[in-house]
Number of protein chains: 2
Amino acid sequence: MPRPSVEAERREQILSAACEVVSELGFKSLRIADVARRAGTSSGTVHYYFDTKTALMRAAFEWNFARSLDRRRDLLQEHADPRQRLRAFVDSYLPGDPETVRAWHVWAELWVEALHDRDLQELNEQVYGEWRRLMASIVRDGQDAGLFRDEDPVVVANALIGMIDGLALQVLLGSRSMTLERMRAVCEQVLSSLTVGSSA
Amino acid sequence: MPRPSVEAERREQILSAACEVVSELGFKSLRIADVARRAGTSSGTVHYYFDTKTALMRAAFEWNFARSLDRRRDLLQEHADPRQRLRAFVDSYLPGDPETVRAWHVWAELWVEALHDRDLQELNEQVYGEWRRLMASIVRDGQDAGLFRDEDPVVVANALIGMIDGLALQVLLGSRSMTLERMRAVCEQVLSSLTVGSSA
DNA sequence: TTGATAACTGACGGGTCCGTCAACCATCGG
DNA sequence: CCGATGGTTGACGGACCCGTCAGTTATCAA
């Protein structure tokens, strides 16, 4: 057995680079050579770890998802109050810091790519399912504590997630009528209308 | 002056074909030759009307938008009651019939393309502005009639549009947990929570 | 009929880029 | 020191496709 395996970290480097390039150039314009350069290696090495461009992108999408979850795992433990937990959770999805923006970009590329790719649709299904599960469970906690209105938590979660997706997209597009701050305001408004005894 | 101008209708044919191909294959995989074949003409003719692929796509996006507006223009006159008007408007965006689905596909491709293209961002800004203006004005009508809660109409419109965008995307992705019917249910729920005196 | 122009065609040049491959390097066990 | 194996490299073949262009057809005015 020669040379201690560097496979894990090299894969990581390449996937991270791939996400960066996708975020900057888009899937359509991504070249293997770009990813290689960004990862500080050669195109041959990229192909050594990922047979095809498709395989690379699929792995990059999965990696992007895994990291998104990781970044939020602790967050859910930090707040005992479901209202604050929900707020913090939603807040973590606002496309503010560069890392979150990058993740959103990759995410958006996945969506459009998945429109014509069954495998990626399956991946989206898992991701979306996980996200919805987390959101619905927070809502349920809040309702059990008598803090949120008594609507179907799954419906509420779907509505919130859909809204966040749609708004984030507009923010990412640099819309002047939907800036980060305005998105934050809309979310605040909607969240506070979820809590009991606040019809205005 | 030779041969009566066929420019207008030929452009229309090509743009329509372009939207169909984009919807089926995605922007990334769209070939000029595909559009030509779909339009029943040659690649040379496509280039006769549109200098570059980029110009073709930009025009196709604009055309898609114009048609979307046309399809809904009458709809807003049909219902005197703002509640029904809002419901019909939202309903017209549900990705049910093939034409609406196709329009959504094109729309989604525009989004992702626009992430890296200032010109397309500007186009998105116009479209989104128009949509938001329509939606907000319905909400305002409803509030004036004392039918809707007294929240900022623009915030409500943004929230609704964001939600519709996000949900439609999941439906288009063939999500098992976000089907057309479930999207319809979520929209119903949210819309009815807008009307006064309905906290459940 | 003839010339002019709009509309159209499809072959092809040229650029791009994926994936392959032959060669190379580094590190280990024996 | 040697062979084996994991890891790496970059050149290149070949496929793909945009945009050009020389040539063709259709329609009109004179």
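Predicted model only: the values in this text are computed from it and were never measured.
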[X] has an atom [atom1]; how far is it from atom [atom2] of [N], in whole Å?
X     : N      : atom1 : atom2 : value
A/K28 : C/dC18 : NZ    : P     : 13 Å
B/R37 : D/dC17 : CZ    : P     : 11 Å
A/L30 : C/dC18 : CG    : C1'   : 12 Å
B/L25 : D/dC17 : CG    : C1'   : 14 Å

Does a donor on one side chain and an acceptor on the other come within less than 3.5 Å for [X] and [Y]?
X      : Y      : value
B/Q143 : B/R140 : no
B/Q84  : B/R87  : no
B/N124 : A/Q170 : yes

Between A/S43 and C/dC18, is there a contact of a side-chain N or O with OP1 or OP2 at under 4.0 Å?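 Indeed not, no polar side-chain atom of A/S43 lies that close.
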Can you tell me if the side-chain N/O atoms of B/T45 get under 4.0 Å from OP1 or OP2 in C/dT9?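 Checking C/dT9 against B/T45, a side-chain N or O does come within under 4.0 Å of OP1 or OP2.
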Is B/E62 salt-bridged to B/R58, cutoff N-O under 4.0 Å?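 A salt bridge is present here (some side-chain N lies under 4.0 Å from a carboxylate O).
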B/R184 bridged to B/E181 by N-O distance under 4.0 Å: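 A salt bridge is present here (some side-chain N lies under 4.0 Å from a carboxylate O).
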For DNA chain C, which residues of residues 48-63 of chain B approach it to below 4.0 angstrom with any heavy atom?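 DNA chain C contact set from residues 48-63 of chain B: B/Y48, B/Y49.
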[X], nearest nucleotide to its side chain (from [options]):
X     : options               : result
B/H47 : C/dT9, D/dC18, D/dG10 : D/dC18
A/T41 : D/dC17, D/dT9, D/dT8  : D/dT9
B/I32 : C/dT9, D/dT9, D/dC18  : D/dC18

Verify the ring-centre separation between A/Y93 and A/F89: is it less than 6.0 angstrom?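 Aromatic pair counts; centres sit under 6.0 Å.
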